[in-house]
Colleague: 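Next up is a structure, given as structure tokens.
These figures come from a predicted structure and were not determined experimentally.
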Amino acid sequence: MAAASDDILSWTNQDSRESVLFNSWGVLYRFQTSTGQNGQSVTTMWRALRPNKEDRVAKLEWAPNGGLGRVVMGKNSLRMVDLARADPSIYGSRTFTGPDGLQYRWRPSSTGVDVVLQDPNGEVIAFFRPTRQTRYQIGDVYGELHYIRNAGMGTVMHPPMMDMVTLTAMLYRFCAAWNIQ
């Protein structure tokens, strides 16, 4: 599995809710978490449109206990668990319905440390690879999100799907870090 260098995003911070994803072109995504006066944590997912211009992709409102709450994407609201549903058929896997209405699955790779994203036909269209902590000017990198541009239906690099892949990768990492079933 190989991706072109521009199709690989370096992922800063071990806490996926407070991180930046970047490549040689600069920052592409940013997750920023804040806690309101009521104690509720909210993570905002931003996508860079051009230098110094971002668009909000999603707002994640965490449950009061720090668990999965709800996601607001545009005018749609859904439960976080619907984007990171544990799949009992494969240990450590999580499924979600993509913007195309099809079922996708994040799962540990059977051949290494990667976490792969499979399309409905089982083809790998993206993967997250943990890396040794590496210092960059933008921040310390702990992993890479690889998009496989021509895999499956070839839509993984298009905004609605790319946004969903990035968002669900963040949720997968969060659930794995906190052992959320």
Side-chain angles (χ1 to χ4, degrees), residues 9-23 26-88 90-99 103-108 113 115 117 126-145 159-181:
L9 301 184
S10 295
W11 201 315
T12 68
N13 209 325
Q14 287 181 303
D15 182 352
S16 60
R17 298 169 303 162
E18 191 65 42
S19 55
V20 171
L21 287 85
F22 67 94
N23 64 11
V27 173
L28 270 67
Y29 289 100
R30 184 169 60 92
F31 291 97
Q32 182 179 26
T33 301
S34 59
T35 304
Q37 291 179 346
N38 62 358
Q40 182 182 19
S41 292
V42 175
T43 300
T44 305
M45 178 183 173
W46 301 94
R47 179 183 352 102
L49 299 174
R50 60 182 177 272
N52 301 318
K53 178 72 172 149
E54 294 178 313
D55 190 26
R56 186 178 90 181
V57 174
K59 183 171 77 168
L60 297 91
E61 299 168 343
W62 301 95
N65 62 358
L68 301 178
R70 72 180 189 132
V71 177
V72 178
M73 296 180 78
K75 294 179 181 174
N76 300 319
S77 176
L78 60 153
R79 299 175 323 149
M80 279 185 206
V81 72
D82 292 334
L83 296 177
R85 187 171 306 284
D87 180 355
I90 301 172
Y91 177 77
S93 68
R94 296 191 175 267
T95 63
F96 67 93
T97 301
Q103 195 78 18
Y104 293 84
R105 174 185 290 119
W106 282 104
R107 64 170 291 178
V113 297
V115 177
L117 177 61
F127 60 96
F128 176 80
R129 173 170 291 156
T131 61
R132 188 174 12 184
Q133 180 182 350
T134 307
R135 177 144 301 175
Y136 286 84
Q137 190 172 7
I138 238 167
D140 289 357
V141 169
Y142 294 86
E144 299 172 338
L145 182 57
M161 189 63 189
M162 189 174 180
D163 295 344
M164 185 65 78
V165 168
T166 306
L167 175 62
T168 57
M170 187 278 288
L171 285 172
Y172 184 97
R173 290 186 62 210
F174 175 81
C175 291
W178 294 99
N179 200 25
I180 295 175
Q181 302 300 320

Colleague: For the residue pair Tyr104 and Val165, establish whether any side-chain heavy-atom pair is separated by less than 4.5 Å.
Modeller: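 They are not in contact (no side-chain heavy atoms under 4.5 Å apart), so the answer is no.
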Colleague: Just wondering, do Met73 and Met164 contact through their side chains at under 4.5 Å, heavy atoms?
Modeller: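 Sidechains of Met73 and Met164: in contact.
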Colleague: With respect to Phe128, which candidate in Trp11, Tyr172, Trp106 satisfies the ring-ring contact (aromatic ring centres under 6.0 Å, His included) definition?
Modeller: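 Of the listed residues Trp11, Tyr172, Trp106, the ring-ring contact (aromatic ring centres under 6.0 Å, His included) partner of Phe128 is Trp11.
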Colleague: Let me confirm one number: the CZ-OG distance from Arg30 to Ser19, rounded to the nearest 0.5 Å.
Modeller: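 If we round to the nearest 0.5 Å, Arg30:CZ and Ser19:OG are 10.5 Å apart.
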Colleague: Any side-chain heavy atom of Phe22 sitting closer than 4.5 Å to one from Thr12?
Modeller: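 Heavy-atom side-chain distance check passes, below 4.5 Å.
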Colleague: Does a side-chain N-to-carboxylate-O contact under 4.0 Å join Glu54 and Arg56?
Modeller: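 No salt bridge links Glu54 with Arg56.
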Colleague: Supply the atom-to-atom distance Tyr91 OH to Arg107 CZ, rounded to the nearest 0.5 angstrom.
Modeller: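 Here the interatomic distance stands at 13.0 Å.
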Colleague: Should Trp178 and Leu68 count as side-chain neighbours, where that means a heavy-atom distance under 4.5 Å?
Modeller: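 Contact flag for Trp178/Leu68 side chains = no.
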Colleague: Taking Ser93's backbone N and O only, do any of them form a donor-acceptor pair with Asp87's side chain (distance below 3.5 Å, no angle check)?
Modeller: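 Not a single qualifying donor-acceptor pair exists.
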Colleague: Could you check if a side-chain atom of Asp140 sits within less than 4.5 angstrom of a side-chain atom of Gln14, using non-hydrogen atoms only?
Modeller: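 In short, these two side chains do not touch, never coming nearer than 4.5 Å.
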Colleague: How close do Thr168 and Leu83 get, counting heavy atoms only, and between which atoms?
Modeller: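 Where Thr168 meets Leu83 most closely, the heavy atoms are CG2-O, 3.6 Å.
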Colleague: Do other residues, nucleotides or ligands put more than 12 heavy atoms under 6.0 Å from Asn52 CG?
Modeller: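 Not more than 12 within 6.0 Å, no.
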Colleague: Measure the acute angle between the ring planes of Phe174 and Trp62, then classify it against the limits of 30° and 60° as parallel, tilted or perpendicular.
Modeller: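 Ring orientation, 0 to 90° scale: tilted.
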Colleague: Measure the spacing between CZ of Arg129 and CD of Glu144 and express it to the nearest 0.5 Å.
Modeller: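 Going from the CZ atom of Arg129 to the CD atom of Glu144 covers 7.0 Å.
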Colleague: Asp163 and Met45: which non-hydrogen atoms are nearest, and at how many Å?
Modeller: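 Closest approach of Asp163 to Met45, heavy atoms only: O-CE, 3.4 Å.
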Colleague: Which one of Met170, Arg173, Gln32 satisfies the side-chain contact (heavy atoms from CB on, under 4.5 Å) criterion with Arg17?
Modeller: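 It is Met170, the one option of Met170, Arg173, Gln32 that forms the side-chain contact (heavy atoms from CB on, under 4.5 Å) with Arg17.
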Colleague: Does the side chain to side chain donor-acceptor pair (under 3.5 Å) test come out yes or no for Thr95 and Gln103, once each step is laid out?
Modeller: CA-CA 7 Å; Thr95 63; Gln103 195 78 18; 3.1 Å; yes
Colleague: Rounded to the nearest 0.5 Å, what separation is found between the OG atom of Ser10 and the CG atom of Asn23?
Modeller: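 Interatomic distance, Ser10 OG to Asn23 CG, rounded to 0.5 Å: 8.0 Å.
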Colleague: Asp15 versus Thr33: any side-chain heavy-atom pair under 4.5 Å?
Modeller: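 Contact flag for Asp15/Thr33 side chains = no.
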Colleague: Could you tell me the separation between the CZ atom of Arg94 and the CD1 atom of Ile180, rounded to the nearest 0.5 Å?
Modeller: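 Going from CZ on Arg94 over to CD1 on Ile180, the span is 7.5 Å.
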Colleague: Side chains of Val57 and Leu167: closer than 4.5 Å at any heavy-atom pair?
Modeller: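 No; the side chains remain at least 4.5 Å from each other.
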Colleague: Starting at OG of Ser16, measure out to CG of Leu145 and round the result to the nearest 0.5 Å.
Modeller: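 So the OG of Ser16 and the CG of Leu145 are separated by 11.5 Å.
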Colleague: Quick check: closest heavy atoms across Cys175 and Ala84, and the distance to 0.1 Å?
Modeller: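 So the two residues come closest at SG-CB, 4.3 Å.
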Colleague: Donor-acceptor check, side chain of Thr134 to backbone of Arg132, threshold 3.5 angstrom: yes or no?
Modeller: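 At least one qualifying donor-acceptor pair exists.
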Colleague: Below 4.5 Å, heavy atoms only, C-beta onward: do Leu28 and Met162 meet side chain to side chain?
Modeller: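 Yes, their side chains come closer than 4.5 Å.
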